[in-house]
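Some notes on the structure that comes next.
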Amino acid sequence: MPFNIIKFKTMTDEVDVYGNLLPDNMRITSLGMWVRKFSLDELPQLYNVLKGDMSLIGPRPLLFKYLPLYSSEQNRRHEVRPGITGWAQVNGRNSISWTRKFELDVEYVDKMNMLLDFKIFFLTILKILNRDGINQSNDRPMQPFNGKN
């Protein structure tokens with residue numbers, strides 16, 4: 001990927017006494033906080049949009065390990081190309097439950113149109129500038145999906 005030419009340290013490799021990585025919010029550097037504050041860590045995904053692997057707007061791609069946990073309804077989010085931003089991001093980002101996030105992703109699949117995409121695009125800009133919905137709380141980021149929440 002062309003964006004790896006210069007590497008900046010945005011996270012440390014700090015571990016607990018058992019050798020497990022500390023949570024992200026305990027390992028992030030000041031540069032990392034700045035990069036995340038303005039969602040600049042999303043810019044490399046533009047390369048995936050140009051390649052045609054992603055869209056600007058669509059359900060955010062999730063970890064592959066979550067695939068077997070999806071219900072048939074939740075799996076509908078894969079009926080469209082994944083996006084850098086989506087309906088769930090502008091309606092709560094990481095501050096909403098996984099259940100709500102999947103509901104919004106499927107709602108996007110059902111209602112997808114150009115007007116909705118424009119709305120999501122402009123709401124995304126506002127969310128980034130206002131820093132809305134970044135984490136579930138100041139102390140902890142979004143919890144991993146376990147198939148239930």
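Numbers here are sequence positions counted from 1. What's counted below: heavy atoms across the whole structure, side chains too, no hydrogens, waters or symmetry copies.
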Rounded distance [0.5 Å steps], NZ in Lys127 versus CD in Gln89: 10.5 Å

In terms of heavy-atom contacts, Ala88 and Lys101 come closest through CB-CG, 3.7 Å

Does any part of the side chain of Tyr70, heavy atoms only, come nearer than 4.5 Å to the side chain of Arg77, both counted from C-beta? yes

Donor-acceptor pairs under 3.5 Å, side chain of residues 54-68 to any protein atom, not counting sequence neighbours: which ones?
residue	atom	partner	partner atom	Å
Ser55	OG	Ile57	N	3.4
Ser55	OG	Ile57	O	3.1
Arg60	NH1	Glu42	OE1	3.0
Arg60	NH1	Gln45	OE1	3.3
Arg60	NH1	Ile84	O	2.8
Arg60	NH2	Glu42	OE1	3.2
Tyr66	OH	Phe145	N	3.2

Same cluster (ILVMFWY, side-chain, under 4.5 Å), Met26 and Trp34: no

If you group Ile, Leu, Val, Met, Phe, Trp and Tyr whenever their side-chain heavy atoms sit less than 4.5 Å apart, what else falls in with Val15? Leu21

Which pair of non-hydrogen atoms, one from Arg76 and one from Asp110, has the smallest distance, and what is that distance? NH2-OD1, 2.5 Å

Whichever hydrophobic residues join Leu50 through chains of side-chain contacts under 4.5 Å: none

Looking at side-chain heavy atoms only, is the closest gap between Thr29 and Met11 below 4.5 Å? no

Thr85 vs Leu123, test: side chain to side chain contact (heavy atoms under 4.5 Å, CB included). Steps then yes/no. CA-CA 10 Å; Thr85 187; Leu123 287 173; over 6 Å; no

Counting only N and O atoms by type, is there a donor-acceptor contact under 3.5 Å from the side chain of Asn130 to the main-chain atoms of Leu126? yes

Is the side chain of Asn113 donor-acceptor paired with the backbone N or O of Lys111 at a distance under 3.5 Å, no angle test? yes

Verify whether one side chain among Ser71 and Glu73 offers a donor that lies under 3.5 Å from an acceptor in the other. no

For a side chain to side chain contact (heavy atoms under 4.5 Å, CB included) with Trp87, tell me which candidate from Val109, Val106, Leu116 qualifies. Leu116

Co-membership, hydrophobic cluster, residues Leu129 and Phe121, 4.5 Å side-chain: yes

If I take atom CD1 from residue Ile96 and atom CD from residue Glu103, how far apart are they, to the nearest 0.5 angstrom? 9.0 Å

When every non-hydrogen atom of Asn25 is compared with those of Ile28, the smallest separation belongs to O-CG2, 4.0 Å

Does a donor on one side chain and an acceptor on the other come within less than 3.5 Å for Asn91 and Tyr108? no

Flag, side chain of Arg27 to backbone of Leu22, donor-acceptor distance under 3.5 Å: yes

To the nearest 0.5 Å, what is the distance between CZ on Arg100 and CG on Asp105? 10.5 Å

